[in-house]
Amino acid sequence: MAGWTADRIPGQQGRIAVVTGANSGLGLITATELARRGAHVVLAVRDTAAGAEAARRIGGDTEVRELDLASLDSVRAFAAKLAADRPAVDLLVNNAGLVLLGPRRTTADGFELHIGTNMLGHFALTGLLLDGLEAAREARVVSLSSITHKNAHLDFDDLMSERDYGAASAYGRSKLATTVFGVELDRRLRAAGSPVISTLAHPGLTRTNLTPRAWEHRGRLGQVIARLGLLVTQPVEQGALPQLRAATDPGVRGGQFFGPSGFGETRGRFTEARIGREAADPAVGGRLWAVAEELTGVRYL
């Protein structure tokens, strides 16, 4: 399957797909390809004006809904409205994410911004949409990881990086938490006999707006650094393929993880990737799940 391309995506007619962060980058490509294959795609975005422009570019059967993953109130409001309008959801792509290399920031709920947005927001969203996913036929959840998860470590005594904050390490920790979540979700869905499956993907080093935004706090110097960083990235269309396969390939199994196969998993054709040791540890998964339930107030499975 090393040569898998978007041309292999099967028809998605009749399917409801929710893609977070769908107005740009990987999310935009994912939403576009799903819509092209006939899915009704919900663009779950923080900036609805940007979402409306993305919907115009995508065409097809789309709708834009406001979702700020850095606010649990926003997550709950989004999930409640969606459940009222769309009782069954076939696909949830937890794509949205951020990396900001400036000083420590927090979400509306007081969580460190990276882990609060990238993992805890998606944890709550998935739980609140689980009834809708279970009401669909062959539903799945895709969690977007990163190669940075392999060198990260979850310090449960300082999960919010209050004592020791480094922006790059906080981002890596958030992506490790996201990966742990995707793997633990698969374990729990299997144990519960749920028809929903949990899969994971990572894009390697891909050309999105995350790199420029990460350096925006450094002004003009940051713009230069960001441009230089973009030189080593692969096109976003290539980077989106792992999550598109995780989302659509009928043969994908729960717990599978896809990512690029070239040069340290940073680029090129993709294959099934290896999950980091800590991310695959059931003890870590169980502990993080309990913490996430406590912090978000969303309990499931």
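If you read the sequence from its start, that first residue is 1, and numbering goes on from there. Owing to the predicted nature of the structure, the values given are computational and were not obtained by experimental measurement.
Contact check on Arg57 versus Glu53 returns no salt bridge, with no Lys/Arg side-chain nitrogen under 4.0 Å from an Asp/Glu carboxylate oxygen. One finds no salt bridge joining Arg36 and Asp61 here, because no Lys/Arg side-chain nitrogen approaches an Asp/Glu carboxylate oxygen to under 4.0 Å. Ion pairing of Asp186 with Arg190 is present here, as a side-chain N (NZ or NE/NH1/NH2) and a carboxylate O approach within less than 4.0 Å. Of the charged side-chain nitrogens involved, none lies within less than 4.0 Å of a carboxylate oxygen, so that Arg140 and Glu138 do not count as a salt-bridged pair. Under 4.0 Å is where a charged nitrogen must lie from a carboxylate oxygen, and between Arg299 and Glu294 at least one such pair does.
Residues Leu120 and Val75 are members of one and the same hydrophobic cluster, defined by side-chain heavy-atom contacts under 4.5 angstrom among Ile, Leu, Val, Met, Phe, Trp and Tyr. Under a hydrophobic-cluster definition in which Ile, Leu, Val, Met, Phe, Trp and Tyr are linked whenever side-chain heavy atoms come within less than 4.5 Å, directly or via other members, Val196 and Leu129 are assigned to the same cluster. Cluster membership check: Leu185 shares its hydrophobic cluster with Leu295, using side-chain heavy-atom separations under 4.5 Å among Ile, Leu, Val, Met, Phe, Trp and Tyr. When the side chains of ILVMFWY residues are joined at heavy-atom separations under 4.5 Å, either directly or via intervening members, Leu130 and Val298 end up in a single hydrophobic cluster. In this structure, Leu82 is not a member of the same hydrophobic cluster as Leu34, with clusters built from ILVMFWY side-chain heavy atoms closer than 4.5 Å.
Looking at Arg86 and His40, their side chains do bring a donor and an acceptor atom within 3.5 Å of each other. Between the side chains of Glu134 and Ser194, a donor-acceptor pair is found at a separation under 3.5 Å. No hydrogens or angles considered: a donor-acceptor pair under 3.5 Å links the side chains of Thr30 and Gln243.
Annotation: side-chain contact (heavy atoms from CB on, under 4.5 Å) contacts of Ser74 (sequence neighbours excluded): Leu67, Asp68, Ser71.
Here the side chains of Trp4 and Phe258 are not in contact, with every heavy-atom distance at 4.5 Å or above. Side-chain contact between Val141 and Thr199: absent, with no pair of heavy atoms (C-beta onward) separated by less than 4.5 Å. Looking only at side-chain heavy atoms (C-beta outward), Val42 and Val19 stay at 4.5 Å or farther from each other. Asn118 is listed as a side-chain neighbour of Tyr171, based on a closest heavy-atom distance under 4.5 Å. At a threshold of 4.5 Å between non-hydrogen side-chain atoms, the residues His122 and Leu69 count as touching. Proximity of Thr117 to Phe111: side-chain heavy atoms (C-beta onward) are nowhere separated by under 4.5 Å. Glu293 is listed as a side-chain neighbour of Phe123, based on a closest heavy-atom distance under 4.5 Å. Inter-residue side-chain proximity for Glu66 and Val45 is flagged as unmet; no heavy-atom pair is nearer than 4.5 Å.
A donor-acceptor pair under 3.5 Å links the side-chain atoms of Lys175 to the main chain of Leu144, judged by distance alone. A distance-only check finds no donor-acceptor pair linking the side chain of Arg245 to the backbone of Thr5 [under 3.5 Å]. Of the possible donor and acceptor atoms, one in the side chain of Asn95 sits under 3.5 Å from a partner among the backbone N and O of Thr20. A distance-only check finds no donor-acceptor pair linking the side chain of Thr107 to the backbone of Leu113 [under 3.5 Å]. A donor-acceptor contact shorter than 3.5 Å links the side chain of Asp158 to the backbone of Asp164.
In this structure, Thr178 OG1 and His114 NE2 are separated by 11.5 Å, a value rounded to the nearest 0.5 Å. A distance of 5.5 Å separates CE of Met160 from CD1 of Ile115, quoted to the nearest 0.5 Å. Taken to the nearest 0.5 Å, the CD atom of Gln12 stands 7.5 Å off from the CG atom of Leu91. Taking CG of Leu244 as the start and CD1 of Ile29 as the end, the distance is 8.5 Å to the nearest 0.5 Å. Here the CZ atom belonging to Arg15 is positioned 4.5 Å from the CG atom belonging to Asp90, to the nearest 0.5 angstrom. Once rounded to the nearest 0.5 Å, the distance linking CG of Leu92 with CG of Leu133 reads 6.0 Å.
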ask   = Arg173 and Ser161: side-chain hydrogen bond (donor to acceptor under 3.5 Å, both in side chains), yes or no, with the steps?
value = CA-CA 10 Å; Arg173 188 177 301 122; Ser161 305; 2.4 Å; yes
task = Run the numbers on Leu128 and Arg76 for side chain to side chain contact (heavy atoms under 4.5 Å, CB included), then give the verdict.
result = CA-CA 7 Å; Leu128 293 168; Arg76 290 180 183 279; 3.9 Å; yes
task = Determine, step by step, whether Thr179 and Leu200 satisfy the side chain to side chain contact (heavy atoms under 4.5 Å, CB included) criterion, reporting the C-alpha distance in whole Å, the side-chain angles of both residues, the deciding distance to 0.1 Å, and the verdict.
result = CA-CA 7 Å; Thr179 311; Leu200 303 98; 3.9 Å; yes
request  = In sequence, state the C-alpha distance, the side-chain angles, and the governing distance for Arg274 and Lys150, and then conclude on side chain to side chain contact (heavy atoms under 4.5 Å, CB included).
outcome  = CA-CA 9 Å; Arg274 291 188 300 275; Lys150 297 186 179 183; 4.1 Å; yes
task = Check the pair His149, Ile275 against side chain to side chain contact (heavy atoms under 4.5 Å, CB included), reporting the backbone distance first and the verdict last.
result = CA-CA 9 Å; His149 90 271; Ile275 294 174; 4.2 Å; yes
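Counting all heavy atoms, side chain and backbone alike, Gln256 lies closest to Arg253 at OE1-N, 2.7 Å. Taking both residues in full, the closest heavy atoms of Leu100 and Arg105 are given as CD1-NH1, 3.6 Å, listed atom of the first, atom of the second, then distance. Listed here is the closest heavy atom pair of Val236 and Gly25: CG2-C, 3.5 Å. The nearest pair of heavy atoms linking Arg104 to Thr106 is NH1-CG2, 3.4 Å. Nearest heavy-atom pair across Gly285 and Val180 is CA-CG1, 3.5 Å. The two residues Leu189 and Leu301 have their closest heavy-atom pair at CD2-CD1, 3.7 Å.
For Phe270 and Phe257, the ring centers are positioned 6.0 Å apart or more.
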